[in-house]
Structures are given as C-alpha cells and as structure tokens.
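Here is the structure we will look at, set down as structure tokens.
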Protein chains: 2
Amino acid sequence: MAKPARTSPSATFSFDVSRCLICSAKNLNMCGALEQDELAKLSGLARCESFSSGDVLFHEGDPATTVYNITDGAVRLSTMLKNGRRQVIGFLFSGDFIGFSDRDAYPWTAEAVRGAKVCRFTRPDLAKAAKELPKIEHRLLEMASADLSAAQDHITMLGQGSAAEKLSAFLLMLSRKAADRGGTANPVHLPMTREDIADYLGLAFETVSRCFARLEGAGLISVESLRIIRITNFDALAEFSDSE
Amino acid sequence: MAKPARTSPSATFSFDVSRCLICSAKNLNMCGALEQDELAKLSGLARCESFSSGDVLFHEGDPATTVYNITDGAVRLSTMLKNGRRQVIGFLFSGDFIGFSDRDAYPWTAEAVRGAKVCRFTRPDLAKAAKELPKIEHRLLEMASADLSAAQDHITMLGQGSAAEKLSAFLLMLSRKAADRGGTANPVHLPMTREDIADYLGLAFETVSRCFARLEGAGLISVESLRIIRITNFDALAEFSDSE
DNA sequence: GCCCTTTCTTGACCTGTGTCAACGCGGCCC
DNA sequence: GGGCCGCGTTGACACAGGTCAAGAAAGGGC
C-alpha cells in the first residue's frame, strides 16, 4: 500500500465567535470551560477545516506544529511499523482533541474516516491562550486524563481475551461513546472499515468478519448493514466482552 | 489467587521542605516546576510512605481520594478481569505520578514491586495547590501527555508483532526508562516477575520464558541472572522489536 | 443503470502461542 | 543446614487465529 499523499482540506475558514456559539462540539471540548468573551479571544486564533473520506490531516513524523479539535465526523490515528503492519491507536469523534504529545514530531498519522470537520490552532497560539486563561489548561488536563483512561481501556482490550471478546468490547465502547455525545446508543454506527477495526484490535480483518458472524449467530448482535450493528442483547454482550 | 489484603505502609512521615530538597525524583515529577518557596507550600500537604514488596497502595474500585508521586522503587498498576486474567497497565518508577483519571474510583490496583517509596497528596489538597500555582497544572499536563504517549506505545507493543518482538520492545523500553532517570541503560534490571511481564504484554508466562531463551540463543541478549538482562546487540534488538 | 474497484465474506490450511504437566532452582524461615 | 514454597524452565499437544485464495456484495463515477 503506497503512502497516501498529503491531502489539502476541501475548505478552510477563519471565523468569529458566532461560529463557535453554534459549534456542536463546544460543550465536549476545551471551549466548554470558557465564558463568551473568553471564547471570542480564542476564536480569533482558530482555523476551521473540512476533510473528506481518506484525507490526511498530517503524517507520522511531520513536525507537530498544530493541534486540532474535531467538531464533526471521525478521524483515525494510526502508526505504521517497519514490517508493513499498521496499528490504529484510536478513532476520534466530535469533541475529541488531537495534540497531546510530548514529542516534536507527530507520533501518528491522522486521517479522516468518511469526512471530518476540525478547528485547529498552532501550538504557540494555544500555549499563549492557555497562559492567559488557566481554565484552558485545566480543561486540557481533564481531557488528557480522559484520553489516558481510554488508552488504558484499549490496552486491556488488546491484552486480554479472544477475538470475539475484543470485538464485543469494541462495539460496546462505540455505543457508549455515541451516547456520551448525545447520539443513539443502540444501533451502533461504524464509520470505519473492517480492516480499520482489525488494526485497532490487533487482529486480521478476516477474523473481524468471522467474529461479526459468530456474535450474530450467538444472538448477541444483528448486522443490519455493513456499518449498522444492532446490539440485540446488551447484558449478554457486556458479560461476554468482559470474558466468560 | 485470593485478593491480597490491603497492606499498611511500613512507614509514614509528614515532612518539611528539607526532605523535598534532597528528593531524587524532584526533577522528574511535578515538583521540578517549582521554586523553593513554592515547594515549601506544597511540602506541607505531602505525606511520605514506604511500601515493601507486594504491598498494596490501593485496590481497583477504591474511592480515588489520593494521588501519588513515586520517589523510589517500582509500582505495578493492574486490572483484574472477570475471567481471572490480569492486565498489567504499567510499571511506574521514580518520578512517575499515579492519579490521572477522570473516574471517582481507581480503575486499577497499585502494588509495590519489590519495595517502593511514595509521596502522596489528597486530591482536594492538590487541586487547591494547583489553583494557586498554575505551574503545577502546566507540569501535570506535560506529565499526562507523556503518560499518554507511553500508553500508545504500549498499545502498539500489544497489537503488533510476535511474542519475541513484544519482549524485545519491552526490554528496550525498560532500558530507555532507566537511562532517562539517570540510571544505566545496558544491563537492564527487571524488578518484576516473568508473570508480571507476561500480563503486561498479553502473553502466557511460559511464552515469556521461552522468548528470553530464544533471544539469548539468537545472540541479542544475555540473561546474566533472573533479573539482570544484558543487551548484547542493541541495534539488532531494536531492528527486531520493530519487526523484521 | 452499468462497470469497475474496493471491501467484505467464507473456506481450507498451517503456525504460534496457550495450556497442562513435570521438574529444577533459589531464597527464606525455622 | 535442611526443607519448603514460589518462581522459572522445558516439553508435548491442541486450538485460535493468521494466511492464502476465491468469490460476493457494496459503492462510486460516468
């Protein structure tokens, strides 16, 4: 698989507070900590961008000059190993932040999964704003802590249990995430491909496909379409995901 | 395996700044951000404790009332699954912080691996101090970001590659960590058991044992004793860990 | 609507690693 | 010093899941 060329966003806007006030992500991300006048200051530093399916926000190894708030859609963070295998580090949705990293270069590639909108800042701009508004730093610490918890859940998902258990845990996680951001918990929508899921869970994509079939056969889920999974027995799936 | 009883620390002290000034961890943890007078304020809130091998700092599910700076030794964070399997989330050393979590209850159990010293704060005390001294929050954000990077490396270690590749990556990580805190990079010291390593890497402990033998057979390492591993070919081990 | 490409499913086979079991070693306590 | 117990090593075997391959179903562009 050839390295995809960097892709320009399909649209870029600078904008004023009014755009922030109607932003659907503002209560999930760092802007939620701010009063309207403070938000106005921050909005002057922001740039809004739209990416379409498969577009690359940045590549692993690029200088880490920019941080991103995702305002809509889904973004995939992944890292490529020398042997050609890929590890998907995470799927990020509206309200998530990209840019917690102590390193000078991005340690992952960020790509839009079926379209995404972001609002970005240069690192120096955000650092300056955070110095003036300590609330921002406080909120970023909360968000980083939440990300750390999520990463630790991912670790447990990867380390323990069978392929089917991992997939169950993954579906429940997506369901919970959707509910957390005000969406619907049950028919779970999968914006990503089977291969993306496989690379997230450390499996082969054929195994993911087989496990969907097995979970459906066991009456735990119903695959309504490729990307819509209905959980038909929540409790049993939860029980199973935590290993029986 | 029965749940080990909570263990009282073998010693507890309250203390003044003088103890902080000679603390070997102070340049690695949040104290490094502070001037001497600021450190004095913080030191009044701290409690110092010593734990010996196997002692439990707290259990998974306990109310998360306290945060810890590790000042010496090693601590293991782990979580137990319903099926009796254990995932080791991380090994923490001098300079590391326990307590980034958005949850009310600890999501992991913390246990001393062959002895540890910590310096602890109640959450409210630390929150109050952070409010007065924004430097603390800034430094905590840096530390949380570093922890997140480490967790993402752990994810990649778990998701990709063979058992031997995982073990290689683990040894290199321990070597780097030791060097980072001013220790010696090469004969790698393993404070933990084979089973701890296995539960960290998502393997069976027999597999870990076999992989040590295989890496030694391949001339990459030399097992000088159970807990002292000499890396005899750094470059080859690094090449191998990233998968060949 | 139709074609072409990408993604997904299913099958057959094989290998790496988990499991079970036996044994060796070393440290600790009496 | 001797015995015991936890920890580590090694072997035999089975099976989950990886790999390779063929074909079906979606999806996008014209």
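A, B, ... follow the sequence lines: proteins, then strands. Residue 1 opens every chain. In this text the structure is predicted, and so the values were computed from the model without any measurement.
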Euclidean distance, atom CG of residue B/Asp199 to atom P of D/dC7 [Å, nearest integer]: 12 Å
Which residues pass the side chain to side chain contact (heavy atoms under 4.5 Å, CB included) test with B/Pro191, not counting sequence neighbours? B/Ala74, B/Phe93, B/Val113, B/Arg114, B/His189
Side chains of B/Glu60 and B/Thr79: donor-acceptor distance under 3.5 Å anywhere? yes
Pull out every residue in residues 214-227 of chain A that has a heavy atom closer than 4.0 Å to any atom of DNA chain D, ordered by number, or say none. A/Arg214
Is the closest side-chain heavy-atom distance between A/Val88 and A/Ile197 below 4.5 Å? no
Protein-nucleotide distance (A/Glu165, atom CD; C/dG18, atom C1'), rounded to Å: 14 Å
Reckon A/Arg194 has a side-chain N or O less than 4.0 Å from the OP1 or OP2 of C/dT9? yes
Integer-rounded Å distance: D/dC13 C1' and B/Arg210 CZ: 11 Å
With no hydrogens and no angle check, is any side-chain donor or acceptor of A/Arg85 less than 3.5 Å from a backbone partner on A/Gly202? no
Write down the distance between CG (B/Leu190) and P (D/dC7), rounded to a whole number of angstrom. 15 Å
Measure from CG on A/Asp196 to P on C/dT7 and round the result to the nearest Å. 9 Å
Is any side-chain N or O of A/Ser209 closer than 4.0 Å to OP1 or OP2 of C/dC8? no
Just to be sure I understand the rule, does A/Phe205 reach a base, reach only the sugar-phosphate, or reach nothing, if contact means heavy atoms closer than 4.0 Å? base
If you define the side chain from C-beta out and look only at heavy atoms, does anything of A/Gln87 sit under 4.5 Å from A/Trp108? no
Could you tell me how far apart A/Leu201 (CG) and D/dG18 (P) are, to the nearest whole angstrom? 10 Å
Greater than 12 external heavy atoms within 6.0 Å of B/Lys177's NZ: yes
Whole Å only: how far is the CG atom of A/Leu203 from the C1' atom of C/dC8? 16 Å
Closest-nucleotide 5' rank along DNA chain D - winner of A/Ala164 and A/Glu206: A/Ala164
Whole-Å distance separating the CD atom of B/Glu195 from the P atom of C/dT19: 12 Å
On the nucleotide C/dT7, are OP1 or OP2 found under 4.0 Å from the side-chain N or O atoms that A/Thr193 carries? no
If we only count heavy atoms from C-beta on, is the A/Leu190 to A/Asp196 side-chain gap below 4.5 Å? no
